[in-house]
Trainee: 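Let me begin by handing over the structure; questions about it come next.
Atoms within a ligand are numbered from 1 in the order they appear, just like the ligands themselves. Numbers here simply count residues along the sequence, with the first being 1.
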Amino acid sequence: MNRRNPHPPVVMVVGGMDPSGGAGLCADIQTLSAMGCHAAPVITAITVQDTSAVKCYQLVEAEMIRSQMQSVLDDMTVSVVKTGMLGSREIVAAVSEVLSQRTDIQLIIDPVFSSNNSEALSEYLLSESISELLLPLASLICPNIPEAAVLARKDITATIDADECAALICSSDAKCECLITGTHAESSLVVNRYYRQGRKIKEWEWQRLEFDYHGSGCTLASAIAAGIAQGLQMEQALDKAQLFVIDSLLTGFKPGHGQHIPNRLFHDPGLNIKV
Ligand code: PLP
């Protein structure tokens with residue numbers, strides 16, 4: 001912030017609207033606001049869902065998405081863009097077209113292919129256009145283990161090796177780094193692994209919590225984007241974001257009949273439980 005025009009860092013979030021308020025743009029806006037940033041939301045899709053299931057969704061036209069992004073980028077200083085649900089190859093191409101003109105912006109990709117309950121939120125083969133058109137522009141991609149397998153073109157029904165997926169997603173000359181989250185693994189601890197140029201740099205172990213959460217991946221990616229927008233190095237941003245997420249999960253609540261929702265507006269740094 002500067003004295004003449006004080007404002008928090010602006011982060012553009014490109015994703016879908018979830019009427020339950022658990023995932024998508026609501027999760028992004030709450031996380032960024034709680035972490036001291038201003039969110040500029042670009043809507044890609046209207047979804048019909050609750051805390052139990054996705055019923056259907058309607059994508060916004062790619063040209064409207066391009067215009068939403070361009071309009072805000074022409075007006076505000078945006079240092080970080082975070083993408084979530086993109087839904088179609090046309091939308092990925094539109095986002096890529098805008099961002100390829102703005103190499104000063106850091107891109108964080110949360111690759112959303114389906115909801116936490118495995119209902120589709122994208123067309124088949126979206127992962128290929130994300131790999132081809134967005135990865136070369138990105139600073140970080142943060143898939144969970146099944147998403148990492150899809151991006152690495154591995155069989156998601158077989159045992160998935162995170163190290164092998166990371167090496168296939170971000171090869172030795174890639175600029176984009178990779179955080180593979182372990183929430184969908186079978187292990188008793190959640191292990192999140194951070195890779196640069198396909199090599200593991202660091203891993204974090206967290207206690208596996210009792211409930212399923214709607215919007216935890218969106219919360220994590222937006223919290224990372226907030227840290228980067230505030231000038232943190234990637235590793236520090238990952239540390240800070242995971243502490244924020246675990247606290248939001250520990251204070252999460254169950255407003256409906258399905259999954260819990262992270263409480264992104266109550267952040268007590270004393271709560272996190274690191275194993
Ligand atoms: N974005 C939207 C619009 C969604 O509806 C969902 C899941 O339902 C997600 C993203 C991904 O949510 P999560 O953070 O639970 O992986």
Trainee: Short N/O distance, under 3.5 Å, between Val54 and ligand 1?
Mentor: no
Trainee: Show me which atoms of ligand 1 lie under 4.0 Å from any heavy atom of Gly16.
Mentor: 3 (C)
Trainee: To the nearest 0.5 Å, what is the distance between CZ on Arg196 and CE on Met234?
Mentor: 9.0 Å
Trainee: Under 4.0 Å, heavy-atom basis, I'd like to know which part of Ala23 is in contact with ligand 1: side chain, backbone, both or neither.
Mentor: side chain
Trainee: Nearest to atom 11 (C) of ligand 1, what protein heavy atom do you find, and at what distance?
Mentor: Cys218 SG, 3.8 Å
Trainee: To the nearest 0.5 Å, what is the distance between CG (Leu135) and OG (Ser96)?
Mentor: 11.0 Å
Trainee: For ligand 1, note which part of Leu121 has a heavy atom under 4.0 Å away: side chain, backbone, both or neither.
Mentor: side chain
Trainee: For ligand 1, is there an atom lying under 4.0 Å from some heavy atom of Gly84?
Mentor: no
Trainee: Working to the nearest 0.5 Å, report the span between CG of Leu125 and OG of Ser88.
Mentor: 12.5 Å
Trainee: Side chain, backbone, both or neither: which part of Ser216 comes within less than 4.0 Å of ligand 1 when only heavy atoms are counted?
Mentor: backbone
Trainee: List the closest protein heavy-atom neighbour of atom 15 (O) of ligand 1: residue, atom name, distance to the nearest 0.1 Å.
Mentor: Gly215 N, 2.8 Å
Trainee: Can you tell me which residue and heavy atom of the protein come closest to atom 8 (O) of ligand 1, and the distance to 0.1 Å?
Mentor: Gln49 OE1, 3.1 Å
Trainee: Following the transitive rule for hydrophobic clusters with a side-chain heavy-atom cut-off under 4.5 Å over Ile, Leu, Val, Met, Phe, Trp and Tyr, establish whether Val98 and Met85 coincide in one cluster.
Mentor: yes
Trainee: Verify the cluster assignment for Leu232 and Ile108: are they in a single hydrophobic cluster under the rule of side-chain heavy atoms below 4.5 Å apart?
Mentor: no
Trainee: When rounded to the nearest 0.5 angstrom, what distance separates CD in Gln242 from CG in Leu179?
Mentor: 6.0 Å
Trainee: Measuring from atom NE2 of His260 to atom OG1 of Thr51, what distance do you get when rounded to the nearest 0.5 angstrom?
Mentor: 10.0 Å
